[in-house]
Number of protein chains: 2
Amino acid sequence: MQDQDSYLAGYNPSKYPSLAVTVDVVALTIRDAKLCVLLVERGAQPFAGQRALPGGFVKEETLDDAAKRELAEETGVKPGHGDLERVHLEQLKTYGNPDRDPRMRIVSVAYLAFAPSLPDPTAGSDAALAYWVPVDEAKDLAFDHDDVLADGLERARAKLEYTPLATAFVNEEFTIGELRQVYASVWGEDLHAGNFHRKVLSVPGFVESTGTTTSRGGERGGPKAKLYRAGDAKLLHPALLRPTREDRVR
Amino acid sequence: MQDQDSYLAGYNPSKYPSLAVTVDVVALTIRDAKLCVLLVERGAQPFAGQRALPGGFVKEETLDDAAKRELAEETGVKPGHGDLERVHLEQLKTYGNPDRDPRMRIVSVAYLAFAPSLPDPTAGSDAALAYWVPVDEAKDLAFDHDDVLADGLERARAKLEYTPLATAFVNEEFTIGELRQVYASVWGEDLHAGNFHRKVLSVPGFVESTGTTTSRGGERGGPKAKLYRAGDAKLLHPALLRPTREDRVR
DNA sequence: GAAATAGTGTCTCTAAGACATTATATT
DNA sequence: AATATAATGTCTTAGAGACACTATTTC
């Protein structure tokens, strides 16, 4: 065996088979009350015609910056643009099985992004073949991206429970109903409107009132709703737990 | 911009500065009621004389296997040995800042290991300079390992709340008091014995009774304790939350 | 008016935590 | 005997969820 010291001192890069590090991004947004993921279409082998998560090589930059850059490139939204400022980005997991890419060894650091509804990438960007796909239609992705997406979805579902990240899916000002729709879309099950409302307002720092209301009621009736913005809490306490499902526990 | 397809097709490894992928392991155990981490001593520059997390280059193997191998090498416990079978290992986070190693770009995939008390590495292994250190004495580590350790500790503390992983720190058969000591050591605060006892037994699948008891009572008195083993739950429901601290929330 | 939604009220049940108590073992 | 620990009991309070209800808005 070698300790960290000796293997670093004796390392000669040319002795090792070449290896690359990429970032892949599971970018999630909500469109039409459905949770959607950003996918790109592959043109060439391997996996030609299949869809994949957006990603690319890591350059002379931090991993976080590489993920930000890839997301900006694929969505066609320039960094610095207001829309991207509000995107939450966090590292998800790293995938490095030797056979995950048939051509060479590629270690991919996956990121998870939560975004409010963003413009369609195809409109006015150089990301010709990127688009938002409802997550339940995102199957048979290239490489091991089915696994990456599944891990990203589970992380997103769990994070809604104990962090205020649901606010990353809505506009800066939002109604409690819109927030509830985020939970329903991500968790895939409806929540009781009354209880949800009371619960959200009772968690310290989750949301704070703007003092204003929407200019009109719901599309099919209902009163004007009060508007809120994200509060200063980093963790929800007490948490907002998913309806218990026995099969998640064992 | 490039989509994943074109950059892979056009990639020529020799064009890029060389880059290596390593795994580093935050291996935690409990010794003397204190949470300890496995560290190795560095002999050469950079960071000579400082301590670091055990780790090494990823070979022709999965990342998980690389972490298992490194842990076995540094602890001097052979894979296949009973002790290592019970070690819980999970991926923690990947660290890839361009300047984290002064010599070349190294992307390190950190792993987190929970182990029952293992033999001292120095005794009878080739890991001459590895030893267990109480986590509050593990400061000024080499590279960015202070950050890695901090992330690992926070992950461990959080995981005790909603998973049965505390059982990975104790023997196959254990008493409720031993389990409580794990929580106290990892969280750094004492727990109320009576309430903890009732709580653990009330969570379905957390522990199951062996029907036996310890052969003698506590060192300083007290009745023989019933023995338990880990149950089949993968998640604790309801969770065993840390005593609330306001500063964790904002 | 019919229908939908916002927001509140009420009730029940579970669970957390403070604290007390009993039993059993050790030195 | 003194002390420590295991295990259980009791009480209070917070919170989750079911459900009802009112008010307000749209079509």
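To find a chain, count down the sequence lines: A is the first, B the second, and so on, and within it residues start at 1. Values reported hereafter were calculated over all heavy atoms of this structure, with side chains retained and with hydrogens, waters and symmetry mates removed.
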Over how many whole Å does the gap from Arg216(A) atom CZ to dA6(C) atom P extend? 13 Å
What integer distance in Å separates Leu191(B):CG from dA16(C):P? 13 Å
I want to confirm an ordering. Mapping Gly222(A) and Arg180(B) to their closest nucleotides on DNA chain D, which one lands closer to the 5' end? Arg180(B)
Which residue lies more 5' along DNA chain C, comparing Leu241(B) with Gly218(B) via nearest heavy atoms: Leu241(B)
Counting only heavy atoms not in Asp146(B) (residues, nucleotides, ligands), do more than 12 fall under 6.0 Å from its CG? yes
Answer with base, sugar-phosphate or nothing: what part of the nucleic acid does Gly221(B) contact at a heavy-atom distance below 4.0 Å? base
All ring-ring contact (aromatic ring centres under 6.0 Å, His included) counterparts of Tyr183(B), not counting sequence neighbours: Trp187(B), Phe196(B)
Stretch residues 160-171 of chain A: residues that reach within less than 4.0 Å of DNA chain D through a heavy atom: none
Give the table of side-chain donor-acceptor pairs shorter than 3.5 Å for residues 149-156 of chain B, with sequence neighbours excluded, one pair per line with atom names and distance.
| from | atom 1 | to | atom 2 | distance (Å) |
| --- | --- | --- | --- | --- |
| Asp151(B) | OD2 | Tyr95(B) | OH | 2.6 |
| Glu154(B) | OE2 | Arg242(B) | NH2 | 3.3 |
| Arg155(B) | NH1 | Glu90(B) | OE2 | 2.8 |
| Arg155(B) | NH1 | Gln91(B) | O | 3.1 |
| Arg155(B) | NH2 | Leu92(B) | O | 2.7 |

In a table with atom names and distances, give each donor-acceptor pair under 3.5 Å that connects a side chain of residues 172-180 of chain B to protein atoms at least two apart or in another chain.
| from | atom 1 | to | atom 2 | distance (Å) |
| --- | --- | --- | --- | --- |
| Thr175(B) | OG1 | Gly177(B) | N | 3.4 |
| Thr175(B) | OG1 | Glu178(B) | N | 3.0 |
| Glu178(B) | OE1 | Thr175(B) | N | 3.0 |

According to side chain to side chain contact (heavy atoms under 4.5 Å, CB included), who are the partners of Asp136(A), at least two apart in sequence or on a separate chain? Pro134(A)
May I have the distance from Glu178(A) (atom CD) to dT5(C) (atom P), rounded to whole angstrom? 13 Å
Nearest whole angstrom, please: distance from the C1' of dA15(C) to the CZ of Phe206(B). 16 Å
Taking the side chain of Pro238(B) as its heavy atoms from C-beta onward, which of dA23(C), dA4(C), dA15(C) lies nearest to it? dA15(C)
Counted 5' to 3', the first and last nucleotides of DNA chain D within 4.0 Å (strictly under) of a heavy-atom of chain A are dG15(D) to dC27(D)
Pair listing, salt bridge (charged side-chain N to carboxylate O under 4.0 Å, His left out) test, anchored in residues 204-220 of chain A, at least two apart: Glu208(A)-Arg229(A)
Please list all pairs meeting salt bridge (charged side-chain N to carboxylate O under 4.0 Å, His left out) that have one or both residues in residues 26-35 of chain B, counting only residues at least two apart or in different chains. Arg31(B)-Asp120(B)
Please list, chain by chain and in numerical order, all residues satisfying ring-ring contact (aromatic ring centres under 6.0 Å, His included) with His192(A), sequence neighbours excluded. none
With sequence neighbours left out, the residues meeting salt bridge (charged side-chain N to carboxylate O under 4.0 Å, His left out) with Lys199(A) are none
Heavy-atom nearest pair, Pro54(A) first then Leu39(A), reads CD-CA, 4.4 Å
Tell me every residue that passes salt bridge (charged side-chain N to carboxylate O under 4.0 Å, His left out) with Asp65(A), counting only those two or more places apart in sequence or in another chain. Lys68(A)
Provide a list of protein-nucleic acid N or O atom pairs under 3.5 angstrom, restricted to nucleotides 7-11 of chain C.
| from | atom 1 | to | atom 2 | distance (Å) |
| --- | --- | --- | --- | --- |
| dG7(C) | OP1 | Lys226(A) | N | 2.8 |
| dG9(C) | O6 | Arg198(A) | NH2 | 3.1 |
| dT10(C) | O4 | Arg198(A) | NH2 | 3.3 |

